[in-house]
Chemist: 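First the structure, which I've put down as structure tokens, then a few questions once you've had a look.
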Amino acid sequence: MAFSLRKSKYVIYNNLKTRMGLFGITKNRSCWTSSPTHHHSTPIAAPFVQTFRNTCASFRNTGTLFSARRFESIKAGKQVLDFPGGMVAFTSEMSFISESPKERAHCYRVLDDNGQPIIHQNIVNEEVSITMYAHMVTLQIMDTIFYEAQRQGRISFYLTTNGEEAINIASAAALTIDDLIFPQYREPGVLLWRGFTLQEFANQCFGNKADYGKGRQMPIHYGSNKHNYFTISSTIATQLPHAVGAAYSLKMEKKDACVVTYFGDGGSSEGDFHAALNFAAVMEVPVIFICRNNGWAISTPTSDQFRSDGVVVKGKAYGVRSIRVDGNDALAIYNAVHAAREMAISEHRPILIEALAYRVGHHSTSDDSTKYRPANEIEFWRTSRDPVTRFRKWIESNGWWSGEAESELRSSVRKELLHAIQFAEKVEKPSISNIFTDVYDIPPLNLCEQEISLRETIKRYPEDYPPNVPV
Amino acid sequence: MATIIQGIGAAAALSSSNSFDSKRFHLPSRRSLSERKGSFLVVRSDGRVIPGSNPRGRRTDQLITNAVAAKADASAASTASKPGHELLLFEALREGLEEEMERDPRVCVMGEDVGHYGGSYKVTKGLAPKYGDLRVLDTPIAENSFTGMAIGAAMTGLRPIIEGMNMGFLLLAFNQISNNCGMLHYTSGGQFTIPVVIRGPGGVGRQLGAEHSQRLESYFQSIPGIQMVACSTPYNAKGLMKAAIRSENPVILFEHVLLYNLKERIPDEEYVLSLEEAEMVRPGEHITILTYSRMRYHVMQAAKTLVNKGYDPEVIDIRSLKPFDLYTIGNSVKKTHRVLIVEECMRTGGIGASLTAAISENFHDYLDAPIVCLSSQDVPTPYAGTLEEWTVVQPAQIVAAVEQLCQ
């Protein structure tokens, strides 16, 4: 790459061609314009390299062979190069961008720890607030009772949302029913807000005949197309590209709706997360990515999950507008999601919201988190940082709620839930034919054969067949 | 959906002259077809038109009437104005794709370089200028993610076609294809359908090296919930493409890199083929040769030699890799009692292995000899031309196998 700086322009040009094997310096800049969303300054007339002196220094800095291909100095003293992707300014000072910021990204919150608004602002009205609170309480009770039911052996599995009630309910409250939800698995509150009844939750957990999933999925893998809540799949982060695809579909149909998808801090390590953010930004689709950064991915703390400043900084890397919010502050989440939805739909862009929270419960009923984190830490977050309590303090200070209302709500929800569970337990399970239906739209020959074979076996050995499953 | 399914033989029976010079014939209508919702007009090989009938009770199906073994001279009668138009296989795929995009605005294509570049084998050429960048979408390089994207779009009402630039790249999409594409219709209790088509070039032959010469049909065949078909001629390429797009199930359409420039005359009028049917390429009496995709041509080449040697092989292009068309295959086995499977998959765990098992289980009593399966070796495909050629089954091997089987 060494060449004499004193040679004439023409000789240098030839030199470049021979030494570097370039295609030649083309005069036409138009083929370098990238996608329409990039803002380019006006094309510059003179295509040729004017001064090699400074650029040789840059060559040593950047070490790029092909920089000479397109090469211009625009203003006196300022070196700019338009590589594919847009113009970048040169600098002679070698400095590496730091791996961690001096200060972490700030976290948006509305209510303080005592449930008082920090600054005076327009906040949600009484009706919505009470509804939100009631749903948060319902979610809490639902979690407690279903968890107990699993411990009693009545259902096989459960996953609680303790500590993330605000993220669930407040984000759902800021959306409309037309917005599509692609959940991970810790967002039953969104479905609860949309009108899924406690009985329907119980039916899915018991996998009985009334379950919309026809008993095919584990408990907590809810799904309801009439609530625009897409069936939960156990795989981590696979719903993120789905959400982008759905947003692409909404964009094609020009609907006034967006897609909202949830995932955890662990899910942000999956390849699908990165590609989904990237795709969403490139295709400019209305999707909101809500990351529930609750500090733990089963037993892996976030310090072992990534070394970036949480998940919010990754948005910038992909060209996605992002914000960090206090996940225990229902109003902050409500505001952020509401604003994000506006931006997503009107500007056709993805938004990333990182909600900081703490996973108070275990990962699931198959986990005992005291094995990898101190019990007093869990207790601290459960009591002093409970999002439900914090929100209650706010609505109580407004005079919208009282102790009687609280105990009345809790007892009625509990009663309704216990009744729903008892009822769901008694409903019979889906019949055997449901093993073979819905694999395809019409069962093919091999599945029909397999069903016949299974039924023959059942007929021959009825004593081995469970009595509560209809044939 | 109301579709009129036409067989070439059927059309020939309807019109007086044998107007198509393609030597193919396929059996129209099978159980799965007529069970589908919507009305059908089933045109049978002898020209009878049966509205939406259930042929399960129909045991006296005429397998073949006349079309196949006859050479081109039969069609020479009507050379004056040959109906239909000639095109190459990749153009047939494009024609099918374009017709479906025209017909249904929800159909869209996504993949790497499918837009203005027109696709690596030019199957989507010209579609982006016509339908816009949103309906023919260039994606970044993340196969798992754009497959996932298509699944999400399908669940929301679109009908995406995912193009893998090479089938081997879809290994990266295995998670989405297996865990979500195949499963979500089932686990959601039927609430969400995923009518995607996943297609792309695969197979051995262009010296593309080991990574680009994979036969993914063997890896995908176990995934519940998906259907797999392989096209081999321009006629069936277009028909299968259209059928796959119209299907409510996820369908994987396997194309072969060496077959894109095959030329054939296909009908002008619209036709859709059945996804679950095999194609009778050449009826015969002595032995049933089952094959698909490119190996069909090696088999037909071997068939010429075999005919000269006095054998009469029956060649069936199975086309439907999942599920197998055991009806057609079974009828053939019952007639010839000998089976040779010729495939490009590897020996272990390929389509041939599954097909051998299926035939053994179902038609064991009809076999006079063990089923022989000729496959590629269990090696990564070498780059060197001569080596690559010998990893796939050659016509000489097919002839030798038939001779041995028919002793």
Side-chain angles (χ1 to χ4, degrees), chain A residues 180 182 204 211-218 221 223-226 228 230-235 237-253 259 261 270-276 278-280 282-283 285 430 434 437-449, chain B residues 30-32 35-37 105-106 108 110 134-135 137-158 160 172 175-176 179-180 182-193 195 224-227 247-250 276 322-327 358 362:
Chain A
L180 308 176
F182 283 81
Q204 199 284 332
D211 170 27
Y212 297 141
K214 299 182 191 162
R216 292 169 184 151
Q217 260 290 14
M218 292 170 70
H221 286 65
S224 171
N225 55 356
K226 66 179 191 242
N228 279 333
F230 284 72
T231 305
I232 294 174
S233 177
S234 311
T235 46
T238 51
Q239 73 279 7
L240 299 178
H242 295 175
V244 177
Y248 162 74
S249 166
L250 290 182
K251 181 176 174 178
M252 284 247 283
E253 294 173 4
V259 178
T261 180
E270 278 284 351
D272 275 347
F273 163 78
H274 302 273
N278 191 34
F279 276 52
V282 168
M283 294 192 313
V285 286
N434 284 299
T437 51
D438 292 329
V439 183
Y440 297 96
D441 53 350
I442 296 167
L445 178 62
N446 59 332
L447 287 187
C448 293
E449 275 177 11
Chain B
R30 204 50 52 74
R31 168 205 310 128
S32 53
E35 272 182 13
R36 292 183 186 281
K37 304 185 185 64
R106 299 170 301 165
C108 54
M110 47 184 85
L134 212 47
R135 269 183 91 184
L137 188 67
D138 274 333
T139 62
I141 306 178
E143 282 77 6
N144 198 39
S145 308
F146 66 69
T147 307
M149 229 190 82
I151 292 170
M155 289 200 283
T156 321
L158 292 186
L172 288 151
N175 185 22
Q176 288 285 354
N179 269 323
N180 292 327
M183 277 191 202
L184 274 171
H185 180 69
Y186 184 76
T187 58
S188 70
Q191 294 183 88
F192 300 101
T193 55
I226 58 162
Q227 275 186 266
S247 167
E248 293 300 313
N249 298 317
E276 293 95 10
K322 182 180 167 88
F324 294 131
D325 180 6
L326 288 178
Y327 181 72
N362 289 299

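Chain identifiers are assigned alphabetically (A, B, ...) following the order of the sequence lines, protein sequences preceding nucleic acid strands; residue numbering begins at 1 within each chain.
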Chemist: Please round to the nearest 0.5 Å and tell me the distance separating atom CG of B:Leu137 and atom CE of A:Met283.
Modeler: 5.5 Å
Chemist: Which bit of B:Leu134 comes within less than 4.5 Å of chain A, counting heavy atoms only: side chain, backbone, both or neither?
Modeler: both
Chemist: Can you say whether B:Ile226 sits under 4.5 Å from chain A via the side chain, the backbone, both, or neither, judging by heavy atoms?
Modeler: backbone
Chemist: How close do B:Gly189 and A:Arg216 get, heavy atom to heavy atom, and via which atoms?
Modeler: CA-NH1, 3.5 Å
Chemist: Most heavy-atom pairs under 4.5 angstrom with chain B, which of A:Thr437, A:Ile232, A:Thr231, A:Asn278?
Modeler: A:Thr231
Chemist: Taking every heavy-atom pair that is under 4.5 Å apart, which of B:Ala154, B:Pro160, B:Gly182, B:Cys108 has the most such pairs with chain A?
Modeler: B:Cys108
Chemist: Evaluate the side chain to side chain contact (heavy atoms under 4.5 Å, CB included) criterion for residues A:Met252 and B:Leu158: first the C-alpha distance (whole Å), next the side-chain angles of each, then the deciding distance (0.1 Å), finally the verdict.
Modeler: CA-CA 9 Å; A:Met252 284 247 283; B:Leu158 292 186; 4.0 Å; yes
Chemist: Counting heavy-atom pairs under 4.5 Å to chain B, which of A:Leu447, A:Thr238, A:Asp211 comes out on top?
Modeler: A:Thr238
Chemist: Who among B:Ala358, B:Gly190, B:Gly157, B:Ala150 has the most heavy-atom pairs with chain A under 4.5 Å?
Modeler: B:Gly190
Chemist: Between A:Leu445 and B:Glu276, is there a side-chain heavy-atom distance shorter than 4.5 Å?
Modeler: no
Chemist: Over all heavy atoms of both residues, which pair between A:Phe279 and B:Met149 is shortest? Give the atoms and the distance, please.
Modeler: CD2-SD, 3.3 Å
Chemist: Shortest non-hydrogen contact from A:Gly271 to B:Ser145?
Modeler: O-OG, 4.4 Å
Chemist: Within a strict 4.5 Å, meaning less than it, do heavy atoms of the B:Gln176 and A:His242 side chains meet?
Modeler: yes
Chemist: In Å and rounded to the nearest 0.5 Å, what is the CD to OH distance from B:Glu248 to A:Tyr440?
Modeler: 14.5 Å
Chemist: For A:Thr235 and B:Asn179, does a side-chain donor sit closer than 3.5 Å to a side-chain acceptor?
Modeler: no
Chemist: Check whether A:Asn434 gets within reach of chain B through its side chain, its backbone, both or neither, counting any heavy atom under 4.5 Å.
Modeler: backbone
Chemist: Any non-hydrogen side-chain atom of B:Met183 less than 4.5 Å from a side-chain atom of A:Ser233?
Modeler: no
Chemist: For a 4.5 angstrom cut-off between non-hydrogen side-chain atoms, does B:Asn362 reach A:Glu449?
Modeler: yes
Chemist: Highest number of heavy-atom pairs under 4.5 Å with chain A: which of B:Pro250, B:Ala142, B:Gly225?
Modeler: B:Gly225
Chemist: Does any backbone or side-chain atom of B:Pro323 lie under 4.5 Å from a heavy atom of chain A? Answer side chain, backbone, both or neither.
Modeler: side chain
Chemist: May I ask you to test the B:Thr156-A:Tyr248 pair for a side-chain heavy-atom distance under 4.5 Å?
Modeler: no
Chemist: Given a strict heavy-atom distance threshold of 4.5 Å, which part of A:Phe182 is in contact with chain B: side chain, backbone, both, or neither?
Modeler: side chain
Chemist: Return the option, out of A:Asn228, A:Asn225, A:Asn446, A:Asp272, with the maximum number of heavy-atom pairs under 4.5 Å with chain B.
Modeler: A:Asn225
Chemist: Is the side chain of A:Asp438 donor-acceptor paired with the backbone N or O of B:His185 at a distance under 3.5 Å, no angle test?
Modeler: no
Chemist: Please classify the contact between B:Phe324 and chain A as side chain, backbone, both or neither, with a heavy-atom cut-off of under 4.5 Å.
Modeler: neither
Chemist: Side chain, backbone, both or neither: which part of B:Asn175 has an atom under 4.5 Å from a heavy atom of chain A?
Modeler: side chain
